[in-house]
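Since we're looking at a predicted model, the values are computed, not measured.
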Amino acid sequence: VDYLLAKSSIIKHLKNPLSDRVAVNHCVVQQLKTAFEIELLELKCSIHPLDGIAKKCTNILKEYDNHNNITSDTFGRDCCAVNFIIAMNKMRFKQGKGDPSGFMRQNNIKPSIIIRYVGNHFHVMFHLAGVLYYLREKLLIYLDKSCNNTTTLRTSLRT
């Protein structure tokens with residue numbers, strides 16, 4: 001195989017790099033631009049494939065909610081499941097300085113298990129859903145017995 005011919009063919013077919021990290025993506029675009037003197041489309045996270053998967057899953061769950069008359073008082077325009085996941089994460093990071101009522105420490109739950117929610121990436125939502133499912137028994141106790149704050153978020157999560 002002729003190295004220069006193969007290199008030329010690969011460069012000719014490059015349209016855009018794709019990474020789930022904007023800084024990495026930007027660096028790759030700049031390096032390829034400098035090294036090969038080509039212009040590439042620099043994709044941002046808003047059009048990342050995981051966002052597409054997350055959107056499709058959310059739409060399917062939203063259709064399921066509508067078809068089965070499932071409703072929730074949690075804030076948001078997504079399906080009930082996503083609204084719940086986001087609400088639980090907000091409660092973790094925005095209410096009570098990260099550990100409402102010291103409940104997590106009292107129940108030997110590492111605060112780092114519930115990661116800070118950033119964006120609507122499928123892997124973040126999937127991870128948070130798994131954590132909430134794993135902790136469901138303790139979280140139900142928290143929402144039923146320990147959650148005394150009457151904010152809209154906590155009230156809606158109890159129902």
Side-chain angles (χ1 to χ4, degrees), residues 14-32 39-159:
L14 284 176
K15 303 295 181 215
N16 59 295
L18 189 58
S19 168
D20 64 343
R21 301 283 185 238
V22 174
V24 170
N25 202 49
H26 180 71
C27 181
V28 168
V29 168
Q30 294 305 312
Q31 292 293 321
L32 289 172
E39 290 295 324
L40 298 172
L41 176 62
E42 187 169 348
L43 299 175
K44 305 293 184 195
C45 285
S46 62
I47 53 175
H48 191 276
L50 292 176
D51 288 331
I53 294 169
K55 186 167 182 62
K56 185 67 174 176
C57 290
T58 300
N59 288 341
I60 290 170
L61 287 170
K62 201 175 204 179
E63 286 176 24
Y64 181 85
D65 289 349
N66 292 335
H67 185 267
N68 294 289
N69 296 319
I70 298 172
T71 61
S72 170
D73 290 333
T74 52
F75 177 77
R77 294 183 178 173
D78 288 316
C79 63
C80 293
V82 170
N83 292 340
F84 177 78
I85 292 167
I86 293 170
M88 288 298 292
N89 196 56
K90 282 183 182 177
M91 183 178 67
R92 158 73 174 91
F93 284 100
K94 301 206 186 242
Q95 304 282 333
K97 297 188 179 180
D99 185 4
S101 308
F103 182 83
M104 294 176 78
R105 287 186 302 270
Q106 292 167 2
N107 286 276
N108 297 319
I109 301 170
K110 292 181 181 180
S112 61
I113 195 169
I114 300 177
I115 59 174
R116 188 175 293 274
Y117 173 80
V118 180
N120 188 24
H121 294 298
F122 180 69
H123 60 291
V124 174
M125 298 302 284
F126 186 79
H127 172 79
L128 289 172
V131 167
L132 295 177
Y133 181 78
Y134 175 74
L135 296 174
R136 71 190 177 281
E137 296 300 324
K138 290 182 179 180
L139 291 173
L140 287 170
I141 292 168
Y142 172 72
L143 292 171
D144 188 45
K145 306 246 189 270
S146 302
C147 186
N148 295 323
N149 192 310
T150 58
T151 64
T152 305
L153 172 61
R154 290 186 179 191
T155 303
S156 65
L157 287 176
R158 278 183 159 176
T159 57

Novice: I want to check something: taking the side chain as every heavy atom from C-beta on, are Tyr64 and Ile70 in contact at a cut-off of under 4.5 Å?
Specialist: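 SC-SC contact between Tyr64 and Ile70 confirmed.
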Novice: How long is the span from the CD atom in Gln31 to the NE2 atom in His26, to the nearest 0.5 Å?
Specialist: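 That separation rounds to 10.0 Å.
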Novice: Mind checking the CZ-CD1 spacing from Phe126 to Ile85? Nearest 0.5 Å is all I need.
Specialist: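 The CZ atom of Phe126 sits 10.5 Å away from the CD1 atom of Ile85.
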Novice: Grab the two heavy atoms, one from Ala81 and one from Leu61, that are nearest each other, plus how far apart they are.
Specialist: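 Closest heavy-atom pair between Ala81 and Leu61: CB-CD1, 4.3 Å.
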Novice: If we ignore hydrogens and angles and just use 3.5 Å, is the side chain of Asp65 paired with the main-chain N or O of Cys79 as donor and acceptor?
Specialist: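 A pair under 3.5 Å: no.
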Novice: In Å and rounded to the nearest 0.5 Å, what is the CE to CG distance from Met88 to Asn83?
Specialist: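 Those atoms lie 13.5 Å apart.
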Novice: Under a 4.5 Å cut-off applied to non-hydrogen side-chain atoms, are Met125 and Ile86 in contact?
Specialist: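 A side-chain contact under 4.5 Å exists here.
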Novice: Working to the nearest 0.5 Å, report the span between CG of Asp73 and CZ of Phe84.
Specialist: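 CZ of Phe84 is found 13.0 Å from CG of Asp73.
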Novice: Rounded to the nearest 0.5 Å, what separation is found between the CG atom of Asn107 and the CG atom of Leu135?
Specialist: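 If we round to the nearest 0.5 Å, Asn107:CG and Leu135:CG are 9.5 Å apart.
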Novice: As an exercise, state the distance from CG of Leu132 to NE2 of His127, rounded to the nearest 0.5 Å.
Specialist: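 NE2 of His127 is found 9.0 Å from CG of Leu132.
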Novice: State whether the side chain of Lys62 and the backbone N or O of Arg77 hold a donor-acceptor pair below 3.5 Å, judged by distance alone.
Specialist: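 Checking the backbone N and O of Arg77 against the side chain of Lys62, a donor-acceptor pair under 3.5 Å is found.
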Novice: May I ask you to check whether over 12 heavy atoms, not counting those of Arg136, lie within 6.0 Å of atom CZ?
Specialist: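 Counting neighbours around CZ of Arg136, more than 12 heavy atoms of other residues, nucleotides or ligands fall under 6.0 Å, so yes.
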